[in-house]
Amino acid sequence: MIKNITFIIISLFFIQVSFGQKKTRADRFFEKGDYSNAAKYYEEEIKKERHKKAIENIAVCYYNTFEYRLASRYLKQLVKGKYGEKDKTYNNEYNFKLYQVLSALGDYETGLDYFKRYKENLSVSLDTSESIEIIEAFKLKNPDYKIKKSQFNSEASDFGAVKFNDTVYFTSDRDNKKLLRKKYKWTHQSFLDIYAVKVDENNDTIGSFKPLSKTINSKLHEGNFCFTSDGNTLYISRSNYTDGKKEFSEQSNNNIHLYKTTRVNGKWDKLEKLPFNQNGFSYQHPALSPDDKKLYFSSDIEGGYGSFDLYYVAIEVDGTIGEPVNLGQTINTENREHFPFISQEGNLFFASNGHLGLGMLDNFVSERVNDVFTKPINLGAPINSRYDDFSLNYYDAKEGFFSTNRNKKNDEIFKFKQTGEIFIREYINRFEVRDLDTKEYIPNTEVVLKDKKGVEKYTNTLDSLAFFNINLLANNYEFSANNEAYTPNKLNVTVVEAQDQTHILYLKKVPPPPPIDPVEALIEEKKIDKKLKEKDPKRFELLTDIEGPPVIEKDGKLFFQLEPIYFNFDMWNIRADSKKILDELAAKLERYPNIYLKISSHTDSRGTVRYNQILSERRAESTRNYLALEGFINARRMKFQGFGELEPIVPCPMLECTEEEHQLNRRSEFEIVKY
């Protein structure tokens, strides 16, 4: 998709050849923007000699032609210095490109390592663990949209659909059937033109696709565009073209500029270049505010924050246009911001590869509050994917179009319907504590509500009406309750984007005292063979010992049956509520000095495999260390191992488990390996 929407920046990657150095055939194709042919000849060069510049350029070729796996191969060689020259330094931009292509390939963790390196070279810090958590949240977020591929697509690239009345207009490089048509060297396709097609109420086509008149479509590129609210003025981004001739900058670039035209007697008048365009810079992706008083666009003019920033200009009643105003650092990054769109509510939708996302360009929205755009929100799946997702706009309150190359070929137009709330809101949630058997409220109960980071959101001792209401953001929480007449309990809660949710935590009454002969009751309960007392008296003793944590048999192995050992989110320190459990285990181990333990820690499947493996190992080790240092148990009697998410009790394909099933998987086991 980059080859289509950023055709204005092909010159940024031209080879810098030192004085007197002979250009190769690959170099000449590269300078012309013919990246497919350039890559083919660079491959031949690299087989003979590995020069740094050839590695750089072939990486750019594959990056610009969507060959992300090949791009990652050569970008890795570049950053690791796998070439002949002694100088192993490289431009920081390649760290960013490697982050992008690895994200597009699904390797977020490795990609973020290079994004961190890129940021730190700009003196900006990045917490990769927090970034992974944010990306995982994008992937797990409840979808706010339903999407479907539109009927406007061809074998070529199609994007930038805009609906006005009963017609959809869009940009495409499909075969325009022109005689002696020129092809764009980058894509080997026709130059971009604007097309129109009539549609019915379901946006299904009811006519043929027609290019706009030659007044609009030229021999070069016509890109994104927008209409005024009355449909009589059209703003358009196109190749810089005056009096039938291309205009070039001092660097020999044919940039993209913004033009406008008005409809006269049903026909579009001659295009007029907007006055703020400056030669040597590009201006693209125009979008109007609902009142037609501001024109937004993307540009690489000097003084911005990154390669392309979002700007606006004021449009006066008399048609006078002001100077560009940058939307600021809340919106713009050191990378690219493109495709602005202003909703009827005044909110800004745009595409960016600088804000943290799922990969390549993602669609974002910034809510307008008190005439200021707030921090952008990633729209998440399915609007966004690992690939380029862009050019989102609404034609009514809930429906619209966006473009994507997620099918790993050319750009395609999708239609969408918004089904959820896209802005962060708090939702009313009710929490109750009830008796498991009678279902009645349990008065005088201590309750604690924590977020997923362990921060307390609410704590109290409830009265006879054992419930409370609280406004919460959509997220995961832990609700716990404690009453001296009941067994304490916890409930993992997922707050979704809906009002008036109710969460009930049931407590079970503390059971009556054990029978007079607890050993006999235990033998009956565990179905222990009484002959075991003669065959293996020590095993029999362990299974019938009622003091301290009980010992159970599972699959022929012995385990201490303990209450769950809980850890705070993302932590491995032993919590106070788990210390008591481990203290009891230590006391029992003191009474059985010949017992040797294996401590196994398991996590659920949320999060990355590597992260879960490390976390489980640290938790298992922390448990062993507590028993050794605080319980005075010889560390040689205990070994530990973390299994991460690899041995679940309940398999969770595609993370489809309930919170209770995730809790079953998140456990510690204490196996008796020798007695």
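This chain uses plain numbering: 1 for the first residue, then up along the sequence. These numbers were taken from a predicted model, which means no experiment stands behind them.
The backbone N or O of D107 lies less than 3.5 Å from no partner atom in the side chain of T110, so there is not a single donor-acceptor pair. Remark: the backbone N or O of G223 is paired with a side-chain donor or acceptor of T171 at under 3.5 angstrom. Under the 3.5 Å distance criterion, the side-chain polar atoms of T320 are left unmatched by any main-chain donor or acceptor of E316. The backbone N or O of S343 lies less than 3.5 Å from no partner atom in the side chain of N347, so there is not a single donor-acceptor pair. No donor-acceptor pair under 3.5 Å is formed between the side chain of N393 and the backbone N or O of F341. At distances below 3.5 Å, not a single donor-acceptor pair connects side-chain atoms of K163 with backbone N or O atoms of V199. H257 places a side-chain N or O within donor-acceptor distance of the main-chain N or O of Q278, the cut-off being under 3.5 Å. Between the side chain of N217 and the backbone N or O of L212 there is at least one donor-acceptor pair closer than 3.5 Å. Proximity of a side-chain donor or acceptor of D204 to a complementary backbone N or O of D200 within less than 3.5 Å is not detected. Side chain of S289 to backbone of K294: a donor-acceptor contact under 3.5 angstrom is found.
Closest non-hydrogen pair, P340 versus L310, comes out as CD-CD2, 3.9 Å. Residues F414 and N407 share a closest heavy-atom pair of CZ-ND2, 4.4 Å. Between S299 and S282, the shortest heavy-atom contact is OG-O, 2.7 Å. Taking each heavy atom of T233 and K260 in turn, the nearest pair found is CG2-CD, 4.3 Å. Taking every heavy atom of both residues into account, T333 and R336 meet most closely at OG1-N, 4.2 Å. Taking both residues in full, the closest heavy atoms of I331 and P376 are given as CD1-CG, 4.1 Å, listed atom of the first, atom of the second, then distance.
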Run the salt bridge (Lys or Arg N to Asp or Glu O under 4.0 Å) test on E44 and K40 for me, step by step, so that the C-alpha distance in whole Å, both residues' side-chain angles and the decisive distance to 0.1 Å come before the verdict. CA-CA 7 Å; E44 294 178 2; K40 180 173 66 175; over 6 Å; no
Please determine whether side chain to side chain contact (heavy atoms under 4.5 Å, CB included) holds for the pair K273 and L258, giving the CA-CA distance in whole Å, both sets of side-chain angles, and the decisive distance to 0.1 Å. CA-CA 6 Å; K273 187 185 295 188; L258 290 176; over 6 Å; no
If you apply the rule side-chain hydrogen bond (donor to acceptor under 3.5 Å, both in side chains), what do you find for Y305 with E337, and how did you get there? CA-CA 10 Å; Y305 296 96; E337 279 66 51; over 6 Å; no
Can you check side-chain hydrogen bond (donor to acceptor under 3.5 Å, both in side chains) on Q418 and Y394, steps first, answer last? CA-CA 10 Å; Q418 183 183 327; Y394 288 74; 2.7 Å; yes
Side chain to side chain contact (heavy atoms under 4.5 Å, CB included), that's the test. Do D388 and T404 meet it? Break it down for me. CA-CA 6 Å; D388 285 312; T404 179; over 6 Å; no
Please evaluate residues V365 and L379 with respect to the criterion side chain to side chain contact (heavy atoms under 4.5 Å, CB included), reporting the C-alpha separation (whole Å), side-chain torsions for both, the decisive distance (0.1 Å), and the verdict. CA-CA 7 Å; V365 62; L379 293 181; 3.5 Å; yes
Give the intermediate values and the outcome of salt bridge (Lys or Arg N to Asp or Glu O under 4.0 Å) for residues E56 and K53. CA-CA 5 Å; E56 289 176 344; K53 180 54 71 175; 3.0 Å; yes
Given F29 and Y41, is the ring-ring contact (aromatic ring centres under 6.0 Å, His included) satisfied, shown in steps? CA-CA 9 Å; F29 276 116; Y41 290 107; 5.6 Å; yes
In sequence, state the C-alpha distance, the side-chain angles, and the governing distance for H338 and Q284, and then conclude on side-chain hydrogen bond (donor to acceptor under 3.5 Å, both in side chains). CA-CA 8 Å; H338 290 307; Q284 58 188 0; 3.3 Å; yes
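Separation of the F297 and Y235 ring centroids does not fall under the 6.0 Å cut-off. Separation of the Y35 and F30 ring centroids falls under the 6.0 Å cut-off. Separation of the F401 and Y395 ring centroids falls under the 6.0 Å cut-off. Ring pair F416/Y145: centre-to-centre distance below 6.0 Å.
A heavy-atom distance below 4.5 Å is not found between the side chains of E222 and L192. Between I58 and L70 the shortest side-chain heavy-atom distance does not fall below 4.5 Å. With contacts defined as side-chain heavy-atom distances shorter than 4.5 Å, the pair I236/L271 qualifies. Looking at Y387 and Y68, their side chains come closer than 4.5 Å, going by heavy atoms from C-beta outward. Side-chain contact between R69 and L105 is present, with at least one heavy-atom pair separated by less than 4.5 Å. Residues I315 and K293 have side chains not in contact (no heavy-atom distance under 4.5 Å, counting atoms from C-beta outward). Counting heavy atoms from C-beta outward, F115 and L126 have side chains that approach closer than 4.5 Å. Counting heavy atoms from C-beta on, the side chains of Y311 and V325 never come closer than 4.5 Å.
Defined by atom type and a distance below 3.5 Å, a donor-acceptor pair is missing between the side-chain atoms of Y283 and D300. Under the 3.5 Å distance criterion, with hydrogens and angles disregarded, a donor-acceptor pair is assigned to the side chains of N378 and N384. If you check the side chains of T228 and D230, you find a donor sitting under 3.5 Å from an acceptor. No side-chain N or O of D269 forms a donor-acceptor pair with one of T261 less than 3.5 Å apart. A donor atom on one side chain and an acceptor atom on the other are found under 3.5 Å apart for N335 and Y118. No donor-acceptor contact under 3.5 angstrom links the side chains of K32 and N37, judged on distance only. E412 and S403 are not linked by any side-chain donor-acceptor pair at a separation below 3.5 angstrom, with hydrogens and angles left out of the test. Side chains of Y42 and D27: a donor-acceptor N/O pair is present below 3.5 angstrom, by distance only. Counting only N and O atoms by type, the side chains of T374 and E367 include no donor and acceptor under 3.5 Å apart. Side chains of Y74 and E43: a donor on one and an acceptor on the other come within 3.5 Å. A side-chain donor-acceptor contact under 3.5 Å links N326 and D309.
In this structure, R174 forms a cation-pi arrangement with F209, its terminal cationic atom sitting closer than 6.0 Å to the ring centre and no more than 45° off the ring axis. Geometrically, R238 engages Y259 in a cation-pi contact, judged by NZ or CZ lying under 6.0 Å from the ring centre and within 45° of the ring axis.
Checking each of D411, D193, D158 against S172 for a side-chain hydrogen bond (donor to acceptor under 3.5 Å, both in side chains) leaves exactly one that passes, namely D158.
Using cut-offs of 30° and 60° for the angle between ring planes, the F225 and Y169 rings count as perpendicular. Aromatic ring orientation, Y312 versus Y296: tilted (interplanar angle from 30° to 60°).
Dense packing is recorded around CZ of R368, with more than 12 heavy atoms of other residues, nucleotides or ligands lying under 6.0 Å away. Residue N370 qualifies as open at atom CG: its count of foreign heavy atoms under 6.0 Å is 12 or below.
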